[in-house]
2 protein chains.
Amino acid sequence: MERIPPHPDVRTVPLQRVLEALVDPVRRSIVTQLCDAAADLRCGGFDLPVSNSTATHHFRILRETGLIRQYYVGTARMNTLRRDEFDEAFPGLLDAVVSADRRSSGAAATA
Amino acid sequence: MERIPPHPDVRTVPLQRVLEALVDPVRRSIVTQLCDAAADLRCGGFDLPVSNSTATHHFRILRETGLIRQYYVGTARMNTLRRDEFDEAFPGLLDAVVSADRRSSGAAATA
DNA sequence: GCAGAACTACGATGGTTGTCAAACTTTGAT
DNA sequence: ATCAAAGTTTGACAACCATCGTAGTTCTGC
């Protein structure tokens with residue numbers, strides 16, 4: 001039996017849904033961390049300021065928005081960024097958001 | 001006496017604020033219409049599905065986010081897109097959002 | 001000066017949503 | 001078989017925000 005609900009076709013996801021997904025700082029942090037990571041990450045492998053149940057909620061929204069793909073490895077739920085598919089559906093958006101997010105988060109020394 | 005509150009320096013506006021501004025469909029419609037318009041538009045010149053007072057609310061948020069600049073001409077409040085400044089602060093973001101928005105709104109015939 | 005046009009400001013309200021704790025499920029190891 | 005680990009699900013709660021109507025402000029024209 002499948003433990004993970006089906007992933008949507010990103011091209012059918014409306015822009016509204018995408019922006020609603022990316023407007024939340026926690027979800028944006030997930031996306032950014034996934035973008036910076038060399039490999040896929042399990043849910044518990046993220047640095048998040050919320051409880052487990054809240055994190056689950058955010059992962060679900062990202063999955064339903066078509067931003068991430070989830071799959072199980074043992075008891076660990078892995079997450080991968082659906083970059084290519086998403087870029088095709090929303091060209092330039094992920095790059096712009098993630099880049100701006102990195103500037104914001106890593107804003108410390110500009111000298 | 002100034003009738004319009006001061007406009008922020010776009011570079012000081014956090015990404016969070018920008019996304020919160022762009023996530024609202026009415027505000028995104030304002031930005032898109034402004035993008036498509038040849039000249040500046042007065043508040044009453046937009047095609048919006050909300051009351052006047054609500055529209056004012058949205059214009060204020062866009063101004064405070066640094067996306068639009070407002071100025072009076074008689075009794076008419078004019079609006080202009082701060083494209084260059086915004087693009088410098090958030091490269092690629094406006095383009096990605098407006099492009100995707102146009103695809104969504106104008107989605108009718110693909111034949 | 002007065003009327004009207006064009007917006008804005010002010011409360012008030014309703015719906016949405018991010019948050020948590022507690023209980024549950026599934027898998028892997030002992 | 002049992003136990004722990006890793007997440008999920010459910011229900012409840014609080015905060016935020018888009019929306020509206022009404023009243024107010026500023027300018028133009030007569």
Side-chain angles (χ1 to χ4, degrees), chain A residues 1-7 13-31 33-34 39-65 67-80, chain B residues 1-7 13-34 39-65 67-80 101:
Chain A
M1 195 183 86
E2 299 299 334
R3 290 183 65 189
I4 308 249
H7 295 73
V13 178
L15 172 66
Q16 184 60 37
R17 213 164 176 47
V18 171
L19 292 178
E20 282 167 2
L22 290 175
V23 78
D24 186 277
V26 176
R27 289 195 286 266
R28 215 162 52 243
S29 173
I30 292 175
V31 170
Q33 289 182 49
L34 216 43
D40 296 354
L41 291 174
R42 53 190 260 288
C43 289
F46 290 83
D47 182 26
L48 299 176
V50 293
S51 70
N52 266 5
S53 50
T54 300
T56 294
H57 166 66
H58 289 308
F59 280 115
R60 179 157 71 102
I61 290 183
L62 287 176
R63 167 169 39 80
E64 290 176 350
T65 309
L67 272 160
I68 65 173
R69 187 176 301 277
Q70 297 191 301
Y71 59 97
Y72 265 103
V73 173
T75 67
R77 195 172 217 171
M78 306 297 298
N79 303 274
T80 189
Chain B
M1 196 183 84
E2 300 298 335
R3 291 182 64 188
I4 307 253
H7 294 73
V13 178
L15 172 65
Q16 184 60 36
R17 212 164 175 50
V18 172
L19 292 178
E20 282 167 2
L22 291 175
V23 79
D24 186 278
V26 176
R27 288 194 287 265
R28 215 163 51 244
S29 174
I30 292 175
V31 170
T32 302
Q33 289 182 48
L34 216 43
D40 297 353
L41 291 175
R42 53 189 206 58
C43 290
F46 290 83
D47 182 26
L48 299 176
V50 293
S51 71
N52 266 4
S53 51
T54 300
T56 294
H57 166 66
H58 289 307
F59 280 115
R60 179 156 70 100
I61 289 183
L62 288 175
R63 166 168 41 79
E64 290 177 350
T65 310
L67 273 160
I68 66 173
R69 187 177 301 278
Q70 297 189 301
Y71 59 97
Y72 265 103
V73 173
T75 67
R77 198 172 214 172
M78 305 298 296
N79 302 274
T80 190
D101 202 38

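Below, chain A is the first sequence line, B the second, and so on; all start at residue 1. Values below: every heavy atom of this structure, side chains too, minus hydrogens, waters and symmetry copies.
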*Asks:* If you check every side-chain atom of B:T56, which of D:dG7, C:dT19, C:dT8 has the closest atom?
*Replies:* C:dT8
*Asks:* To the side chain of B:R3, which of D:dA18, C:dG18, D:dC27 is closest?
*Replies:* D:dC27
*Asks:* Return the value, rounded to whole Å, for the distance between atom OH of A:Y71 and atom C1' of C:dT27.
*Replies:* 17 Å
*Asks:* Roughly, in whole Å, what's the span from CG in B:L19 to P in C:dG18?
*Replies:* 14 Å
*Asks:* Between D:dA18, C:dA21, C:dT19, which nucleotide has the shortest distance from any of its atoms to the side chain of A:S53?
*Replies:*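 It is C:dA21.
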*Asks:* Phosphate oxygens OP1/OP2 of D:dC20: is one of them under 4.0 Å from a side-chain N or O of B:S51?
*Replies:*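 So the side-chain polar atoms of B:S51 do come within 4.0 Å of the phosphate oxygens OP1 or OP2 of D:dC20, strictly under.
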*Asks:* Checking contacts here: which listed nucleotide (C:dC7, D:dG7, C:dG18) is nearest the side-chain heavy atoms of A:H57?
*Replies:* C:dG18
*Asks:* Just compare D:dT10, D:dC20, D:dG7 and give me whichever is closest to any side-chain atom of B:V50.
*Replies:*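 Nearest to the side-chain atoms of B:V50, counting from C-beta on, is D:dC20.
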*Asks:* Using whole Å, what does the distance between atom C1' of nucleotide C:dA9 and atom CD1 of B:I61 come to?
*Replies:*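 It works out to 14 Å between those atoms.
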*Asks:* In whole angstrom, what separates B:F59's CZ from C:dT8's P?
*Replies:* 8 Å
*Asks:* How long is the line joining CD of A:Q16 and C1' of C:dT17, in whole Å?
*Replies:* 14 Å
*Asks:* What closest approach, in Å, do B:L34 and B:T80 show between heavy atoms, and which atom pair accounts for it?
*Replies:*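 Answer, listing the atom of B:L34 first, then B:T80: CD2-C, 3.9 Å.
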*Asks:* With heavy atoms under 4.0 Å as the rule, sort A:H58 into base, sugar-phosphate or nothing.
*Replies:*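 It contacts sugar-phosphate atoms only.
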*Asks:* How many Å lie between CG on A:L41 and P on D:dG7, as a whole number?
*Replies:* 11 Å
*Asks:* Can you see if the side chain of A:R42 gets near the phosphate of D:dA6 - specifically, an N or O under 4.0 Å from OP1 or OP2?
*Replies:*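 For D:dA6, OP1 or OP2 has a side-chain N or O of A:R42 closer than 4.0 Å.
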*Asks:* For a 4.5 angstrom cut-off between non-hydrogen side-chain atoms, does B:L15 reach A:R28?
*Replies:*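 Yes, side chains in contact.
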*Asks:* Over all heavy atoms of both residues, which pair between A:V50 and A:A55 is shortest? Give the atoms and the distance, please.
*Replies:* CG2-N, 4.0 Å
*Asks:* Reckon B:T54 has a side-chain N or O less than 4.0 Å from the OP1 or OP2 of D:dC20?
*Replies:*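 So the side chain of B:T54 is within the cut-off, an N or O lying under 4.0 Å from OP1 or OP2 of D:dC20.
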*Asks:* Could you give the CG-to-C1' distance, from A:D24 to C:dT16, as a whole number of Å?
*Replies:* 13 Å
*Asks:* Less than 4.5 Å apart, any side-chain heavy atom of B:R63 and any of B:I4?
*Replies:* yes
*Asks:* Choosing from D:dT10, D:dC20, D:dA18, which nucleotide comes nearest the side chain of B:R27?
*Replies:* D:dA18
*Asks:* Atom CZ of A:F46 and atom P of D:dA6: how far apart are they, to the nearest Å?
*Replies:*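 Rounded to the whole Å, the gap is 15 Å.
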*Asks:* On a heavy-atom basis, which atom in A:V13 and which in A:R17 lie closest, and how many Å separate them?
*Replies:*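 So the minimum-distance heavy-atom pair works out to CG1-CB, 3.8 Å.
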